S.K.: 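So that we are looking at the same thing, I have put the structure below in structure tokens.
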Amino acid sequence: MVIVKQQRVARKRTYLMCSPQHFAVEYAINPWMDPTAPVDRELAVKQWEGLREALTGLGHEVHLLDPEPGLPDMVYAANGAFTVDGTAYGARFKHDQRAAEAAAHRAFYADRGWRFVAPVETNEGEGDLAYLPQAHGGLVLAGYGFRTALAAHAEVEEAMGRPVVSLHLIDPRFYHLDVALAALDDTNVVYFPGAFSAASRRVLAQLFPDAVLADGDDAMSFGLNLVGDGRNVVLNAEATGLAGKLRAVGYHPVPVDLAELKKGGGSVKCCVAELRP
Ligand code: ARG
């Protein structure tokens, strides 16, 4: 028997990142955060630089947002907005501690002439919103259950003119969609079924029959919090099992060490917002 590995093709991306210069774990708004555990900020910056270099080394463009003192979670740039086809839908954070981040992201888009849709409903940007440009003609996957309000999904549909599929997150360890599911390319996803309600698992199975399925270990090692460009998959170095599964279906895993940033409850994807002009 001859097994032909699928040819995966990378597409150049534009990303937005924010340095962890002011990173700290001063409060606990997810089960991963322990304010009593020490954080090495210098190491966090170094690891974050490694992620940025991995992305630029793959040929992607990375824009930077200025970090602000007093906003220790601002490094998780994915949460600040969600963009599709030149429209940016702003974030409205669930927790007060992060509320001020939204304005910094808004200014970034306003300064560059994006159409900006200000949200009424609570939503945490790409933390809970993923876009698959070629799946079913362009599909938004939207998580709810912990952070983003279900009502925000309708706002996204109205802002973007794309169908939005609501997915119910049920495990507090996987409080954002982007720690439970990721786009690998323009059409396919990888996800951990255990993070979703039975109904949402069924929806995912129907929409993505060829999805890569991750297990609990992959999810706990933050493997799903990845950035894929169609071929390369930049993911947390701890997620060796998931890297193997992705390699087996033709993707090229690029591991990066983000151990310090895991202490805030995030990894690769949380640090990277995709700009879709
Ligand atoms: N400490 C941050 C919070 O709980 C982590 C955000 C991680 N970002 C993400 N896209 N999952 O809000």
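Every number for a ligand or one of its atoms is a count from 1 in the order of the listing. Since we're looking at a predicted model, the values are computed, not measured.
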S.K.: Quick test of your reading of the model: are Lys12 and Asp229 salt-bridged, counting only N-O distances below 4.0 Å?
M.R.: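 Here Lys12 does not pair with Asp229 in a salt bridge, since their nearest N and O are not under 4.0 Å apart.
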
S.K.: Nearest to atom 4 (O) of ligand 1 by heavy atom, Val25, Val272, Asn30: which?
M.R.: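 That would be Asn30.
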
S.K.: Tell me whether Val179 has any N or O atom under 3.5 angstrom from an N or O of ligand 1.
M.R.: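 In this structure, Val179 places no N or O atom under 3.5 Å from an N or O of ligand 1.
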
S.K.: Number the atoms of ligand 1 from 1 as they appear, then name those within less than 4.0 Å of a heavy atom of His176, with their elements.
M.R.: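 Near His176, meaning under 4.0 Å from one of its heavy atoms, ligand 1 has 8 (N), 9 (C), 10 (N), 11 (N).
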
S.K.: Using a 4.0 Å cutoff against the non-hydrogen atoms of Gly127, which atoms of ligand 1 qualify?
M.R.: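 Numbered from 1, ligand 1 contributes 10 (N).
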
S.K.: When the ring centroid of His168 is compared with that of Tyr144, is the distance short of 6.0 Å?
M.R.: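 So the answer is yes for these two rings.
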
S.K.: Below a 4.0 angstrom heavy-atom separation, can you tell me which part of Met33, side chain or backbone, both or neither, approaches ligand 1?
M.R.: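 It is the side chain that gets close, since no backbone atom is under 4.0 Å.
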
S.K.: For ligand 1, which atoms sit closer than 4.0 Å to a heavy atom of Cys270?
M.R.: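 The list of qualifying atoms is 7 (C), 8 (N), 9 (C), 10 (N), 11 (N).
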
S.K.: Do any heavy atoms of Tyr175 fall under 4.0 Å from ligand 1?
M.R.: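 Yes.
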
S.K.: Closer than 3.5 angstrom, by distance alone: can the side chain of Asp178 be matched with the main-chain N or O of Asn225 as a donor-acceptor pair?
M.R.: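 Side chain of Asp178 to backbone of Asn225: no pair is present.
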
S.K.: Going by atom types alone, do His176 and Glu124 pair a side-chain donor with an acceptor below 3.5 Å?
M.R.: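 Yes, because at least one side-chain N or O of His176 sits under 3.5 Å from a partner of the opposite role on Glu124.
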
S.K.: What part of His95, side chain, backbone, both or neither, has a heavy atom within less than 4.0 angstrom of ligand 1?
M.R.: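 No part of His95 comes within reach of ligand 1.
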
S.K.: Would Phe192 and Val233 show up in the same hydrophobic cluster when neighbours are defined by side-chain heavy atoms closer than 4.5 Å?
M.R.: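 Yes, because Phe192 and Val233 connect within a single hydrophobic cluster, where side-chain heavy atoms sit under 4.5 Å apart.
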
S.K.: Which atoms of ligand 1 sit under 4.0 Å from any heavy atom of Asp178?
M.R.: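 The list of qualifying atoms is 9 (C), 10 (N), 11 (N).
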
S.K.: Determine the minimum heavy-atom distance between Gly265 and Cys270, stating which atoms define it.
M.R.: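 Looks like O-SG, 4.4 Å.
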
S.K.: Give me the residue, atom name and distance of the protein heavy atom closest to atom 12 (O) of ligand 1.
M.R.: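 Of the protein heavy atoms, Arg98 NH1, 2.7 Å lies nearest.
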
S.K.: Looking only at distances, please establish whether an N/O atom of ligand 1 is found under 3.5 Å from an N/O atom of Glu124.
M.R.: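 Min N/O separation from ligand 1 is not below 3.5 Å for Glu124.
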
S.K.: I'd like to know whether the aromatic ring centres of Phe222 and Trp32 sit less than 6.0 Å apart in this structure.
M.R.: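 When the ring centroids of Phe222 and Trp32 are compared, they turn out to be within the sub-6.0 Å range.
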
S.K.: Strictly under 4.0 Å, does any heavy atom of Arg147 approach an atom of ligand 1?
M.R.: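 Arg147 counts as a contact of ligand 1 under the 4.0 Å cut-off.
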
S.K.: In ligand 1, which numbered atoms sit nearer than 4.0 Å to a non-hydrogen atom of Ile29?
M.R.: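 Matching atoms, with element in brackets: 3 (C), 4 (O), 12 (O).
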
S.K.: So, are Lys245 and Asp215 salt-bridged, with charged N and O less than 4.0 Å apart?
M.R.: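 Looking at Lys245 and Asp215, the cut-off is met.
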
S.K.: Give the atom numbers and elements of ligand 1 that come within less than 4.0 Å of a heavy atom of Gly264.
M.R.: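 Those atoms are 1 (N), 2 (C), 5 (C).
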
S.K.: Are the charged groups of Asp73 and Lys94 less than 4.0 angstrom apart, N to O?
M.R.: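 Salt bridge between Asp73 and Lys94, a charged N being under 4.0 Å from a carboxylate O: no.
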
